[in-house]
There are 2 protein chains.
Amino acid sequence: MRLSTRAQYAVRAMVDLSLYSQGRPVSLKEISRREEIPLNYLEQLFFRLKKGQIVTSVRGPGGGYVLAREESAIKVGEIVVTVEEQLNPVACLDEGDRSCQREARCLTHTVWQGLGERIKGFLDSITLEDLTRGARARHADEGNNGNGACRTAG
Amino acid sequence: MRLSTRAQYAVRAMVDLSLYSQGRPVSLKEISRREEIPLNYLEQLFFRLKKGQIVTSVRGPGGGYVLAREESAIKVGEIVVTVEEQLNPVACLDEGDRSCQREARCLTHTVWQGLGERIKGFLDSITLEDLTRGARARHADEGNNGNGACRTAG
DNA sequence: TACATACTTGACAATTATAGTAAGGTATGC
DNA sequence: GCATACCTTACTATAATTGTCAAGTATGTA
Ligand code: FES
Ligand code: FES
């Protein structure tokens, strides 16, 4: 029952972007440095995030990425789904998968269904704003020394 | 965010055992046939389930496995944890793992922590009894034709 | 006692998914 | 026209998962 590190990286990178972008584009190089995530790997992530319309890119020198919407409109669940493709705990909940046509007789199906809903519901109840709020407050308190971000490995 | 099929098999097998055992031991061969799970694989699962004290074994001819406790005292979460070892969505929540010592500064940590609690909480809120109750009722209605069990692939 | 049943246990192969690397291309501002 | 930084595909190494094999041990029954 593990979330891929890809998804963890994506959320961390998005929080970082959200925290350090004040309207201006943030380069992946920066995020890579701060979050200690390989640049090439970040590129892959943001390729997906862009396709998922969570971020917008600005090419050329001085370019980078910007949130496609405001912080409060971007849910953690969205980010995870975008980079993971699937959030369902079991295969038979996947759309387009015909391996599970006997749901009516399956006693365990409802368990996984309920679990999937809980997971999605929880992750969708949290926005980037929720995550950056605390750091911003701290940041303001400490007089702009710019060290409130998450740089850990988890 | 996938549950291993091992865990899915384990839950299905336990539901099957719970449903067909009326105090008497149920052989893995039977379960294997009904649930279409490879016998050798079941053996591995039940090795773990026995270590986890969720089932008890009876050796020799006519032997098999019996629930170690009553249905209502066996939670789905327990079964999953027993065969999976870990239910945490991210590594930094694991005990004994020292890779995550900067939690205080990590903005995403609380998300995964909350998620883990939800998952565990939900799976622990469901017992084997909850899952077999419906099938038993149907079984009784249909006059003991013994076909109420889950035989699906999911 | 002999035998069949069925649990016990460890080792191992095949497959798949993940994490990470590499490399070359494209757009754009200065 | 050059440096920056995004864009995209391909590939590899590693790990986990799934499933198989095989050789045991215990025990009830004939
Ligand atoms: S049929 Fe979907 S879980 Fe069994
Ligand atoms: S430190 Fe645990 S999730 Fe970041």
Side-chain angles (χ1 to χ4, degrees), chain A residues 1-10 12-13 17 21 24-33 35-66 68 80 83-91 94 99 153-154, chain B residues 1-10 12-13 17 21 24-33 35-52 54-66 68 80 83-91 94 99 153:
Chain A
M1 208 67 212
R2 277 281 164 85
L3 205 67
S4 64
T5 67
R6 186 161 72 221
Q8 294 174 56
Y9 280 166
R12 266 173 59 209
L17 170 56
S21 164
R24 78 170 173 101
V26 177
S27 74
L28 293 187
K29 211 189 215 170
E30 258 186 79
I31 300 179
S32 166
R33 210 174 20 236
E35 300 291 336
E36 298 177 72
I37 302 170
L39 178 59
N40 291 324
Y41 205 37
L42 268 184
E43 287 178 340
Q44 282 185 49
L45 291 185
F46 276 79
F47 178 44
R48 291 169 190 247
L49 292 172
K50 191 191 172 186
K51 264 203 307 191
Q53 302 187 311
I54 295 182
V55 297
T56 297
S57 66
V58 179
R59 302 183 77 151
Y65 288 93
V66 188
V80 174
V83 301
E84 289 266 281
E85 293 304 317
Q86 283 297 346
L87 201 46
N88 294 328
V90 304
D94 293 352
S99 72
Chain B
M1 206 68 211
R2 277 282 163 84
L3 205 66
S4 64
T5 67
R6 186 161 72 221
Q8 293 174 57
Y9 280 164
R12 266 172 61 207
L17 170 56
S21 164
R24 79 170 171 101
V26 178
S27 74
L28 293 187
K29 211 189 217 170
E30 260 186 80
I31 299 179
S32 166
R33 208 172 25 235
E35 300 292 335
E36 298 177 73
I37 300 171
L39 178 58
N40 291 322
Y41 204 38
L42 270 184
E43 288 176 339
Q44 283 184 44
L45 290 185
F46 276 79
F47 177 47
R48 291 170 192 244
L49 292 172
K50 192 190 172 188
K51 263 203 309 188
I54 295 182
V55 298
T56 298
S57 66
V58 180
R59 302 184 76 150
Y65 288 91
V66 188
V80 174
V83 301
E84 289 265 280
E85 294 302 318
Q86 283 298 345
L87 202 45
N88 294 328
V90 303
D94 293 352
S99 72

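Note that the structure is predicted; figures quoted are calculated from it, not measured. What you see below is based on every heavy atom in this structure, not just the backbone, and it leaves out hydrogens, waters and symmetry mates. A note on names: the letters A, B, ... follow the listed sequences, proteins ahead of strands, and every chain is numbered from 1.
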Taking OP1 and OP2 of dT18(C), is either one under 4.0 Å from a side-chain nitrogen or oxygen of Tyr9(A)? no

Check the pair Leu42(A) / Tyr65(A) against side-chain contact (heavy atoms from CB on, under 4.5 Å), numbers first and verdict last. CA-CA 12 Å; Leu42(A) 268 184; Tyr65(A) 288 93; over 6 Å; no

Phosphate-side-chain proximity, Ser57(B) and dC7(C), N/O vs OP1/OP2 below 4.0 Å: no

Does dT5(C) have its OP1 or OP2 closer than 4.0 Å to a side-chain nitrogen or oxygen of Lys29(B)? no

Minimum-distance nucleotide (side-chain atoms of Gln44(A) versus dG20(C), dA23(C), dC6(D)): dG20(C)

For the student: nearest non-hydrogen atoms of Arg12(B) and Glu35(B), plus distance: NH2-O, 2.6 Å

d(CD, Gln86(B); C1', dA15(D)) in whole Å: 16 Å

Please report the distance, rounded to the nearest Å, between CG in Leu39(B) and P in dT9(C). 16 Å

Considering only side-chain heavy atoms of Ser27(B), which listed nucleotide, dA6(C), dT21(C), dC6(D), is closest? dA6(C)

Evaluate the ring planes of Tyr41(A) and Tyr9(A), with Trp represented by its six-membered ring, and classify them as parallel (under 30°), tilted (30 to 60°) or perpendicular (over 60°). perpendicular

Nearest-nucleotide comparison on DNA chain D, the residue closer to the 5′ end among Asn40(A) and Gly60(A): Gly60(A)

Any N or O donor-acceptor pair linking the side chain of Arg59(A) to the base of dT26(C) at under 3.5 Å? yes

When you match Phe47(A) and Met1(A) each to their closest nucleotide on DNA chain D, which lands nearer the 5' end? Phe47(A)

Which nucleotide in dG20(C), dT8(C), dT20(D) has an atom nearest any side-chain atom of Glu43(B): dT8(C)

In whole angstroms, the gap separating P of dT9(D) from NZ of Lys50(A) amounts to 13 Å

Lys51(B) NZ to dC7(C) C1', in whole Å, measures 15 Å

From dA19(C), dT18(D), dA23(C), nucleotide with atom closest to Thr5(A) side chain: dA19(C)

How far does CD of Glu43(B) sit from CG of Leu45(B), to the nearest 0.5 angstrom? 10.0 Å

To the nearest Å, give me how far apart CZ (Arg24(A)) and P (dA5(D)) are. 11 Å

Calculate the interatomic distance between Leu49(B) atom CG and dT8(C) atom P; express it in whole Å. 11 Å

Given atom CZ of Arg48(A) and atom C1' of dC7(D), what is their separation to the nearest angstrom? 14 Å

Classify the nucleic acid contact of Phe46(A) as base, sugar-phosphate or nothing, counting any heavy atom under 4.0 Å across all strands shown. nothing

Rounded to whole Å, how long is the line connecting atom OH of Tyr41(A) with atom P of dT9(D)? 17 Å

Where Ala7(B) and Val83(B) come nearest, the two heavy atoms and their spacing: CA-CG2, 3.7 Å

